[in-house]
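Side-chain atoms are counted along with the backbone in the values below, which use heavy atoms only and exclude waters and symmetry mates. Since this is a predicted model, take the numbers as computed values, not measurements. Order of the sequence lines fixes the chain letters, A, B, ..., with proteins taken first and strands second; residue numbering starts at 1 for each chain.
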Amino acid sequence: MDIFSGQSRIYFMPELPEVETIVGGLKLELTGKKVKEFVFLSPHLKKKQPPSALSPDSYRGKRIKEIWRRGKRIIISFDSHEGLLIHLKMTGQLYLANPDQPVDKHTHARLRFSGMKKELRFRDIRKFGYLNCLKIAEIKEKVSAELGPEPLEIEFGDFSRLLKQYGKKRIKSWLLDQKIIAGIGNIYSDEMLFRAGINPERPAGQLWEEEARKLYRAMKALLRQAIKLKGSSVSNYVDLFGEKGEFQKVHRVYGKEGELCPHCRTAIRRKKINGRSSFFCPVCQPLKSGQE
DNA sequence: AGCCCATCCTGTCCGC
DNA sequence: TGCGGACAGGATGGGC
């Protein structure tokens, strides 16, 4: 498939459901595989390694033990102390390719495995992403220090407590803050606020109990639905980036400035909130909650 | 505490 | 047709 055909101005911007789908594919394909060769193809990834990083050479002969996701990050552990910590940011991609398929200037790493025809590649047009070679213990530490709870695991009591704790933040930036809750990006935050009928500029701590519950439910339902749609729409994980297939089914406001709200037919508005564009319906998501 | 702005980077789009 | 500038955004870090 051609994921770069430019039908949409929005590239990939993987958030929790996309990363979950990618990880699902990686698990199926790569668990137990032994590294034959691991090389950086451009200086970019090397520059992004922290001082404690391991050399890519030290992965040779090591077997992949586990692959999982935490927030938007992908973690790969090996049968020794090595690990890989990957963040795709906006335009990063992981995909399998035949080694004879040419690499372009945006492909920054390749990973070959014994007895496996295809190789894993890391590609990233805007170079915001990273693939760090670190001890798995260090990755686990880093990730738990930097990320809040998983939105699909958090219970309402904790969700509610966090709303109060960071209550002065506007709810949109509250949702985007990975230290508060991990894995939600600009698209899904707008979509869940729309579903919950909450204006993105409302202070987090000022949501009424009923609104907090609505948001909590919308968050879980939307993320689960997105994961399910992605999981069912792809047979091969190479397909899983971008805006193809079922993804649009969960897209109601994001990127739809000027289009009509599916509930009330008012024009969807776009506004910068904390430097991020936010899309919302001014009628279904009023700035005043209607209870004051 | 939380907002604002700049930074990183490249491709795309708009106006002249 | 071509060029320059604005824009997009996840995360971080400095200033207020």
Self-check item: Contact check, side chains of A/R112 and A/P99, non-hydrogen atoms, under 4.5 Å
Solution: yes

Practice problem: Respond yes when some side-chain nitrogen or oxygen of A/R123 is under 4.0 Å from OP1 or OP2 of B/dT10, and no when none is. | Solution: no

Exercise. Using the side-chain hydrogen bond (donor to acceptor under 3.5 Å, both in side chains) rule, take A/Q165 and A/R161 through it: C-alpha gap first, then chi angles, then the decisive distance, then the call.
Key: CA-CA 6 Å; A/Q165 188 177 337; A/R161 181 180 52 75; 3.2 Å; yes

Quiz item: Should A/Y254 be listed as having a side-chain N or O under 4.0 Å from OP1 or OP2 of C/dG9?
Solution: yes

Quiz item: Looking only at side-chain N and O atoms, does A/Q178 come under 4.0 Å of OP1 or OP2 in C/dG10?
Solution: no

Quiz item: Looking at A/K118 and A/E29, does any basic side-chain N land under 4.0 Å from a carboxylate oxygen?
Solution: no

Quiz item: If you take atom types as modelled and just measure distance, does the side chain of A/R126 reach the base of B/dG11 with a donor-acceptor pair under 3.5 Å?
Solution: no

Quiz item: For A/R276 and B/dC3, is the shortest distance between a side-chain N/O and OP1 or OP2 below 4.0 Å?
Solution: no

Quiz item: What integer distance in Å separates A/K48:NZ from C/dA11:P?
Solution: 12 Å

Quiz item: Is the phosphate of C/dG10, meaning OP1 or OP2, less than 4.0 Å from a side-chain N or O of A/H87?
Solution: no

Exercise. Determine: side-chain N/O of A/N274 to OP1/OP2 of B/dC4, distance under 4.0 Å, yes or no.
Key: yes

Quiz item: Contact class for A/G183 (heavy atom, under 4.0 Å): base, sugar-phosphate, or nothing?
Solution: nothing

Quiz prompt | Between P of B/dC4 and NZ of A/K172, the distance in whole Å | solution = 14 Å

Quiz prompt | Rounded interatomic separation in angstrom, taking CG from A/D177 and C1' from C/dT12 | solution = 12 Å

Exercise. Measure the shortest side-chain to side-chain distance between A/F194 and A/P262 over non-hydrogen atoms and say whether it is less than 4.5 angstrom.
Key: yes

Practice problem: Tell me whether the OP1 or OP2 atom of B/dT10 has a side-chain N or O from A/T91 closer than 4.0 Å. | Solution: no

Self-check item: Distance, rounded to the nearest Å, where A/L163 contributes CG and B/dG2 contributes P
Solution: 12 Å

Self-check item: Under 4.0 angstrom between A/K89 side-chain N/O and B/dC8 OP1 or OP2
Solution: no

Quiz item: To the nearest Å, how far apart are A/D190 CG and C/dG9 C1'?
Solution: 13 Å

Quiz item: Just how far, in rounded Å, is C1' of C/dG10 from CD1 of A/I181?
Solution: 17 Å

Quiz item: Does a salt bridge link A/E150 with A/R70, judged by any charged N lying under 4.0 Å from a carboxylate O?
Solution: yes

Practice problem: Check every atom of C/dA8, C/dA11, B/dC9 against the side chain of A/R270 and return the nucleotide holding the closest atom. | Solution: C/dA8

Quiz prompt | Polar side-chain atom of A/K62 near backbone of A/S58 as donor-acceptor pair, under 3.5 Å | solution = yes

Practice problem: Classify the nucleic acid contact of A/K272 as base, sugar-phosphate or nothing, counting any heavy atom under 4.0 Å across all strands shown. | Solution: sugar-phosphate

Quiz item: To the side chain of A/R73, which of C/dT12, C/dG10, B/dT10 is closest?
Solution: C/dT12

Quiz item: Between atom CD1 in A/I171 and atom P in B/dC3, what is the gap in whole Å?
Solution: 11 Å

Quiz prompt | Between P of C/dA11 and CG of A/L88, the distance in whole Å | solution = 11 Å

Exercise. Could you tell me whether the phosphate oxygens of B/dC8, OP1 or OP2, come under 4.0 Å of any side-chain nitrogen or oxygen in A/H44?
Key: no

Quiz prompt | Nearest-neighbour nucleotide for the A/K168 side chain, C/dG9, B/dA1, B/dC9 considered | solution = B/dA1

Self-check item: Side-chain N or O of A/K169 closer than 4.0 Å to phosphate OP1/OP2 of B/dA1
Solution: no

Quiz prompt | Pairwise 5' ranking along DNA chain B for A/F128 and A/S173, keeping only the more 5' one | solution = A/S173

Exercise. Taking atom NZ of A/K48 as the centre, report whether more than 12 heavy atoms of other residues, nucleotides or ligands fall under 6.0 Å from it.
Key: yes

Quiz item: Nearest to the side chain of A/H106, which nucleotide is it out of B/dC4, C/dG10, B/dT10?
Solution: B/dT10

Quiz item: If only side-chain N and O atoms of A/K105 are considered, is one of them under 4.0 Å from the OP1 or OP2 phosphate oxygen of B/dG11?
Solution: yes

